[in-house]
Amino acid sequence: MSQLLANLNPEQTQAVTLPPQHALILAGAGSGKTRVLTTRIAWLVQSGQVDAHSILAVTFTNKAAKEMLARLGTMLPISPRGLWVGTFHGLCNRLLRAHHRDAGLPQLFQILDSADQLAAIKRLLKTLNVDDEKFPPRELQHFINGQKEAGVRPHAVEAWDDYTRQRVQLYQEYEAQCQRESVVDFAELLLRTYELLERNEPIRRHYQRRFRHILVDEFQDTNVLQYRWLKLLADNGKEGGAALFCVGDDDQSIYRFRGAEVGNMRDFEREFRVQNVIRLEQNYRSRSNILDAANAIIRHNSDRLGKNLWTDQGAGEPIRVFEAFSDGDEARWIVEEVQSLVRDGHSRAEIALLYRSNAQSRVLEHRLFTAGIPYRVYGGLRFFERQEIKHALAYLRLIANPDDDTAFARVVNFPTRGIGARSIEVLQDASRTWNGSLYASVPHLSGKAGTSLGHFVRLIEDLRRETEPLALPELVDHVLDRSGLRDHYKADKEGAERLENLDELLNAAANFLAEQGSVPGEASGQPSHALLADFLAHASLEAGDHQADQGADAVQLMTVHSSKGLEFDIVFLSGLEEGLFPHENSALERDGLEEERRLMYVAVTRARERLYVSFAQSRMLHGQTRYNLRSRFLEEIPVELTKWLSPPNQRTALGGATGGGGAYFTPSAKPAASRESRPSSSLPGGLRIGQVVKHAKFGQGVIVAAEGGGSDARVQVNFGAAGMKWLLLAVAKLEAA
DNA sequence: TGAGAAGAGTTTTTT
DNA sequence: ACTCTTCTCA
């Protein structure tokens, strides 16, 4: 017991040992949040207060759930297997499988990932003959998910205009299609579970009594429905309900665009009359120069719950600032710096290159590649999202559930077996007429389409029969052969990597079997097709790692968003420019700038020892050279914490969008790197593209483009926060700044 | 059926 | 500029 609490600071200890009451832990970056969460669980169990099975711990990502289980494994004498630790979606999946009948689902329901969902929506629009120009599938997907995440079913949507009414109609049709096909999307997992608990009193009471403690990680990222879900399980905070222990950081709330509702923190505090609000402000990660910069930046936000990070580990090095001529120039400098760091003995894996948007990785990758430096880019396709894996999974899904039309449509003609678009249309008509799935409608067809489709149905039936006695990995192996997928990729001269991935799928199946098999009483002895359904759910819920070779010592490249939760000795933060970071689109959103600033806060607090920030005077974006002002966030870092690395003659005198910013040098030499892209002839008044100018009303800006001549001469100026403007030179009074 | 043209979209992302 | 999707035609 005392061992558990050793090395915790007073606030951490207080949080871990709170009585069974609701609590809100405001855990700053690097303050030991995961440690507090896991130690709290271990302490509750070890002090004999509750049974391990009475604890529910919820995370957002599988990674976080796994990490928590792993840590608990080392802290508790019991196996953490039986604990209810998982993601919102994983736990909902578990509940829905257990109570599938009460939830109105078949036991072997399938889970649609986002791509599957989009395909299902496209198919729906086609079936209903809806113009997908008027109802773009992506937009409709967003609408449907938005409603579900707010807990709103079609009948409850408030639709005041025709367009919305039509979308609601499609939402309803989509639900019907999912139900017909026995598939459930991500948002549905949560909503269906919520409704199950809400409507079924015995089940609700059962879980309300069972869970005495509910712990939530990254609480600032919960959406409306997830909070309602928690409230329901905790019996709305009533006497006798579970104690809700929520850990989060409002300053690191960066997912509003996908529905996260940081207001849940305030609501929780109010609605549950939370008496225990504990701030974890001591940071164990970064030097104080870095923390001071982060604190200074985030102070510009209003509406915070309030926190100030500190450390006793010393000031460390200044924050290094570099101004480049162009994006290419910036990348070249970063790579040179990385090379010299590696020469000095720093490990590449401890160096991270962060950027606001994925498009920025290109230049960096190019330079790294040329320099022969190993690197790893986060993001992009994950294992279970790859084309060949999706194809294989579609066959498996048809075995588990032939009514899965999404899977059917995906592989009915892959590998090609002479089933063209015409046959599919005929089949879709039949499925409407007979009100059945595509698979079930095949016997109603005659003629050529009926013959070829009949062959396909027979293939699936054969597969189901042949795989019945097989163990999971052998089952997958058999399907890969019999479906023709293996042969197809063998014949493809670029299919070698895809073949490897298919083999990797076999490994995944074997691993899954091994893991499930070791849980006593759960999967062992299950018929192979039931285990197959579990494996498919696993594939949807946990799409796998983004990239392999994690062991390699490689420089880490990722967006600021994906860097959340990670830390590195050395961090390069590039592209600190108005329009890029903060992103221009954020100006259109309510409180968009504050979210961008939180993103900046997340970026800065990733660094342990050294932080580099850089920006470029010009940057290639969407095929055009843009001239950006440097980011206001740079201005928000106190100058005394910084050290400028670019030579004075390379710098512009911009005061950023917010003006101010003192000790900078005047511009002189014009950038060499971006010279090609600008016209050599100068504009009237000695102005040039890329020139910094001042306007009486809009303030400082950069000339981005020019048009016309003489009295018609116009220039486009990027004023940063004030926007992009076309100005007639004869009218606007522009001064060189 | 597959290759090549044409067109659209291009902030951030987990489940 | 580049990528991904859809269309068109042999």
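In what follows, every chain begins at residue 1, and chains take the letters A, B, ... in the order their sequences are listed. On a predicted model such as this, the values are computed, not experimentally measured, just so you know.
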Any chance you could lay out the side chain to side chain contact (heavy atoms under 4.5 Å, CB included) test for A:Leu140 and A:Leu124, step after step, and finish with the verdict? CA-CA 11 Å; A:Leu140 194 56; A:Leu124 178 77; 5.6 Å; no
Could I get the full list of salt bridge (charged side-chain N to carboxylate O under 4.0 Å, His left out) partners for A:Asp251, not counting sequence neighbours?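 For A:Asp251 the salt bridge (charged side-chain N to carboxylate O under 4.0 Å, His left out) partners, ignoring immediate neighbours, are A:Arg304, A:Lys307.
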In terms of side-chain heavy atoms, does [X] have a donor or acceptor partner in [Y] at a distance below 3.5 Å?
{"X": "A:Asp405", "Y": "A:Gln177", "result": "no"}
{"X": "A:Gln556", "Y": "A:Tyr378", "result": "yes"}
{"X": "A:Asn401", "Y": "A:Gln110", "result": "no"}

Between [options], spot the one nearest the side chain of [X], thanks.
{"X": "A:Thr416", "options": "B:dT1, B:dT15, B:dT13", "result": "B:dT1"}
{"X": "A:Asn413", "options": "B:dT1, B:dT15, B:dT13", "result": "B:dT1"}
{"X": "A:Thr61", "options": "B:dT13, B:dT15, B:dT11", "result": "B:dT15"}
{"X": "A:Thr559", "options": "B:dT15, B:dT11, B:dT13", "result": "B:dT13"}

For A:Gln117, which contact category applies under a 4.0 Å heavy-atom criterion: base, sugar-phosphate, or nothing? nothing
Closer than 4.0 Å, any side-chain N/O of A:Asn62 to the OP1 or OP2 of B:dT15? yes
Does B:dT13 have OP1 or OP2 under 4.0 Å away from a side-chain N or O of A:Asn358?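 Yes, such a contact exists.
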Listed pairs under 3.5 Å, donor-acceptor, residues 407-417 of chain A side chains, sequence neighbours left out:
residue  : atom : partner  : partner atom : Å
A:Asn413 : OD1  : A:Arg417 : N            : 2.7
A:Asn413 : OD1  : A:Gly418 : N            : 3.4
A:Asn413 : OD1  : A:Ile419 : N            : 3.2
A:Asn413 : ND2  : A:Ile419 : O            : 2.9
A:Arg417 : NH1  : A:Tyr395 : OH           : 3.2
A:Arg417 : NH1  : A:Val411 : O            : 2.8
A:Arg417 : NH1  : A:Val412 : O            : 3.1
A:Arg417 : NH2  : A:Tyr395 : OH           : 2.9
A:Arg417 : NH2  : A:Ser483 : O            : 3.3

A:Glu636 vs A:Arg632, salt bridge (Lys or Arg N to Asp or Glu O under 4.0 Å): CA-CA, chis, key distance, verdict: CA-CA 7 Å; A:Glu636 293 172 5; A:Arg632 70 193 72 197; 6.0 Å; no
Are A:His561 and A:Phe257 an aromatic pair, judged by ring center distance below 6.0 Å? yes
Would you please indicate yes or no on a ring centroid separation below 6.0 angstrom for A:Phe512 and A:His538?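 Ring centres of A:Phe512 and A:His538 closer than 6.0 Å.
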I'd like to compare against my own output: the B/S/- annotation of nucleotides 5-10 of chain C with a strict under-4.0 Å heavy-atom distance to protein. -S----
Residues of residues 249-257 of chain A with any non-hydrogen atom less than 4.0 angstrom from an atom of DNA chain B: list those, numerically ordered, please. A:Tyr255, A:Phe257
Which residues in residues 181-195 of chain A have a heavy atom closer than 4.0 Å to any atom of DNA chain B?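 Under 4.0 Å from DNA chain B: A:Phe186.
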With the criterion being N/O to N/O and under 3.5 Å, what pairs connect the protein with nucleotides 1-4 of chain C, and how long is each?
residue : atom : partner  : partner atom : Å
C:dC2   : O3'  : A:Arg362 : NH2          : 3.1
C:dT3   : OP1  : A:Arg362 : NH2          : 3.4

Nearest-nucleotide comparison on DNA chain B, the residue closer to the 5′ end among A:Ser562 and A:Gly420: A:Gly420
Which sits closer to the 5' end of DNA chain B, A:Ile419 or A:Ala543, going by the nucleotide each is nearest to?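 Whichever sits nearer the 5' end wins; that is A:Ile419.
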Find the distance [X]:[atom1] to [N]:[atom2] and express it as a whole number of Å.
{"X": "A:Arg258", "N": "B:dT12", "atom1": "CZ", "atom2": "P", "result": "13 Å"}
{"X": "A:Phe60", "N": "B:dT14", "atom1": "CZ", "atom2": "C1'", "result": "9 Å"}
{"X": "A:Gln226", "N": "B:dT13", "atom1": "CD", "atom2": "C1'", "result": "13 Å"}
{"X": "A:Gln220", "N": "B:dT14", "atom1": "CD", "atom2": "P", "result": "15 Å"}
{"X": "A:Leu573", "N": "B:dT12", "atom1": "CG", "atom2": "P", "result": "15 Å"}
{"X": "A:Arg356", "N": "B:dT12", "atom1": "CZ", "atom2": "C1'", "result": "5 Å"}

When you compare B:dT11 with C:dT6, how far apart are their C1' atoms, in angstrom units rounded to a whole number?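 To the nearest whole Å, 25 Å.
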Less than 4.5 Å apart, any side-chain heavy atom of A:Asp217 and any of A:Lys33?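 Yes, their side chains come closer than 4.5 Å.
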Quick test of your reading of the model: are A:Asp249 and A:Lys564 salt-bridged, counting only N-O distances below 4.0 Å?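 Salt bridge flag = no for A:Lys564 with A:Asp249.
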When you check the gap from the basic side-chain N to the acidic O, do A:Arg626 and A:Glu577 get nearer than 4.0 Å?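 No, no charged N to carboxylate O under 4.0 Å.
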